Amino acid sequence: MYRTHTCGEIRASHAGQTVTLAGWVNRRRDHGGVAFFDLRDRSGVVQITINPDLPKEILDAVANVRFEWVLQIEGFVQKRPAGNENPNMATGEIEIIAKHITILNPAKTLPFMVSSDADLPDENMRLKYRYLDLRRERLTNNMVLRHKVVKFMRDYLDKQGFIEIETPIMFKATPEGARDYLVPSRLFPGQFYALPQSPQQLKQLLMVSGMDKYFQIARCFRDEDLRGDRQPEFTQLDLEMSFVHRDDVLDLVEGLFTEMIPAVAPHKKLYSSPWPKFSYKEVLERFGSDKPDLRFGMELVDVTDILAKSEFKVFQSALEAGGAIKCIVAPKSAEMSRKELDALTEVAKSFGAKGMPYLAVTAEGAKGSAAKFFKEEELTALKEKSGAGVGDLIVFASDARAIVNKTLGGLRLWFRDKLDLADKTMMAFAWVVDFPFFAFNEETQAWESEHHPFTMPKMADLPKFDSNPAEVYSEAYDMVCNGYETASGSIRIHRRDIQMKMFQMLGLSEEDIQAKFGHMLEAFEYGAPPHGGMAPGIDRLVMLLADEPNIREVIAFPKNQNGRDVMADAPSGVEPKQLKELKIKFE
RNA sequence: GGUCCCGUGGUGUAGCGGCCUAACAUGCGGCCCUGUCAAGGCCGAGAUCGCGGGUUCGAAUCCCGUCGGGACCGCCA
């Protein structure tokens, strides 16, 4: 071994011991006589003191040492002289008096500093040198936190009687859902494996196998456009249980996270325990989102009735078209500048609104783009119902109800960020249940499954399958936290007849059903147990626990927004020989 | 597919028609310095301002295009 201890573990209790450490030079402070190095490894940083009484050859070698050189240092641990302790360092009570220094490897000047997060380089630069960026304390801590999260999950589920089973990465393309990543088959030219969007089918088949209480830290792949909270490959805690109802699954997952948060992120508070449970309809109406951020108020207020006879044409035409009028109240925002309001209007438009009427409530009365159209009694009722007071800004949306909710939901989050309304130490977990079973796709003019095609409908709604699909609800559920969807799951279909009906509703032909899902349908004929499960997204949860603004910061080697690996430069071309073996030609 | 924002020494920023022969910080090189911890002091090197075209007497600065990056909408069962 190159070392007897790690840098970050040395404490006052080690004083008097001789230790050997190895690590990187995080900082150096050379006073001409005495010099200090901060030596860093994954565990942390410790101060090495180099006294001028060391042999000349050591002092000469040390004089050349620069940032990020790799050193091995033998020395003894000493309490720092009184007054020289550094309370900002975990190891700040002590220092290592160097006796021997070995240069294990010098380093070129790095493209950027890793010992400070001030002036963070451009993200492309960070990704290109990801192996250096990961040396930052911040990213190192994120990796450690992620490990703790996954370790906690494994331990907790093991105690609950779950077993971890791996499922294939090379599997089968599915017509529903996200775009698949395809893997060409050499032995069957023209045929493809697909990387799993999730182990959905496989975990259900494991239930048919009797592998009750399965879980897996599962990599999932979806070939869709990226976002700050979406990578083309991501990791889920995939779990599935047999002989359970919805609340059995929710209780298990709620228990897992309720115990995990204090264990891995003690600085985080839970918003409430037990977690609130909302219907899909309720969160859309109150928060304008199916993944509400509960850390602050500003709920949507329905003012359709108050403004039913409004003289404002914008409101009139929305109501005539069968729409709704709702508003949100932004605290202390009456003084927002014209420029900011214009910018905000653009935000509203990006969610589908045609404009963004607003009222600034001032001591002199209501002001704003639509103020003159409001009658006195309307204003009074409006303030009464919305709770708006002097100094507040009331922002309206009037359109089809879905657009109104979406717009105000989006503006609500805009104000959250602008006014810093959300408590950063809060983890506001909640359940969203009672999702509609089908969603009508305007583009294809066809019904699609809102969750996925293996989700069980509410049994009571089965008769409405053909007559009124919009009124069928499902046994699906989402776990949300701080405005993110952090898990989703459902009770699954375990009966062949219902599954068949589902595929038919989705417009799949008999041939397609057999070719794509024949194995599932057949499996359900051999005694499939009732089952259900869920899949919390590990990247997003770690992102929230680490207070990171995007999931790239909690993934060791993430891809950029275009799905490229900037470090290795992937995707990239391949040798003609490889294509020939696969019998692939390009146009 | 769409909207918006950003590309200036190694890195991060400033400059936004002439004062730019491009500024500041940090890093880099040299010298000084025995208790610092973002050590300090002095000196020095380092940029055809992403790329191409245009407007102008004059472009880092304005316009068009293009490439790269980020945020968002669509998309993400």
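In what follows, chains are A, B, ... by sequence order, proteins preceding strands, each numbered from 1. Since this is a predicted model, take the numbers as computed values, not measurements.
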Short side-chain to backbone donor-acceptor contact, A:Tyr473 and A:Phe435, under 3.5 Å:
no

Residues in ring pair (Phe, Tyr, Trp, His ring centres under 6.0 Å) with A:His452, at least two apart?
A:Phe454

Partner residues of A:Asp122 under the side-chain contact (heavy atoms from CB on, under 4.5 Å) criterion, sequence neighbours left out
A:Asn124, A:Met125

Nearest whole Å is fine: how far is B:C76 P from A:Lys291 NZ?
12 Å

Output the single nucleotide from B:G70, B:G74, B:G69 whose closest atom is nearest the side chain of A:Gln561.
B:G70

Pairwise N/O distances under 3.5 Å, protein to nucleotides 42-48 of chain B:
none

For every nucleotide of nucleotides 29-39 of chain B, 5' to 3': is a protein heavy atom under 4.0 Å from its base (B), only from its sugar-phosphate (S), or from neither (-)?
SS--BBBBBSB

Ring-plane angle category for A:Phe465 and A:Phe438, please: parallel below 30°, perpendicular beyond 60°, tilted otherwise.
perpendicular

Going by side-chain hydrogen bond (donor to acceptor under 3.5 Å, both in side chains), name the residues that satisfy it together with A:Arg540, two or more places apart in sequence or in a different chain.
none

Got a sec? Which of residues 401-419 of chain A come in under 4.0 Å of RNA chain B, heavy atoms?
A:Lys406

Could you let me know what B:U36 is paired to, Watson-Crick or G-U wobble, both distances under 3.5 Å, or none if it's on its own?
none

Decide yes or no, distance alone: a donor-acceptor N/O pair under 3.5 angstrom between the base of B:G74 and the side-chain of A:Asp225.
yes

Please enumerate all residues that pass side-chain contact (heavy atoms from CB on, under 4.5 Å) together with A:Leu59, with sequence neighbours excluded.
A:Ile50, A:Leu54

Looking at B:G70, I'd like to know if its phosphate oxygens (OP1 or OP2) sit under 4.0 Å from a side-chain N or O belonging to A:Arg564.
no

Euclidean distance, atom CG of residue A:Asn562 to atom C1' of B:G69 [Å, nearest integer]
8 Å

Test side-chain contact (heavy atoms from CB on, under 4.5 Å) applied to A:Pro52 - qualifying residues, sequence neighbours left out
none

Any donor-acceptor pair under 3.5 Å from A:Glu9 side chain to A:Thr91 backbone:
no

Taking only residues two or more places apart in sequence, or in another chain, which ones meet A:Pro558 in a side-chain contact (heavy atoms from CB on, under 4.5 Å)?
A:Leu127, A:Arg130, A:Gln231, A:Arg552, A:Ile555

Which letter, B, S or -, goes with each nucleotide of nucleotides 5-11 of chain B from 5' to 3', with contact meaning a protein heavy atom under 4.0 Å?
-----SS

Residue mapping more 5' on RNA chain B - nearest nucleotide basis, A:Gln197 or A:Arg227:
A:Arg227

Give, ordered by number, those residues of residues 490-498 of chain A having at least one heavy-atom distance below 4.0 Å to an atom of RNA chain B; if nothing qualifies, reply none.
none

Option passing side-chain hydrogen bond (donor to acceptor under 3.5 Å, both in side chains) with A:His531 (candidates A:Arg492, A:Gln204, A:His494)
A:Gln204

ring-ring contact (aromatic ring centres under 6.0 Å, His included) pairs, two or more places apart, involving residues 30-63 of chain A
A:His31-A:Phe36

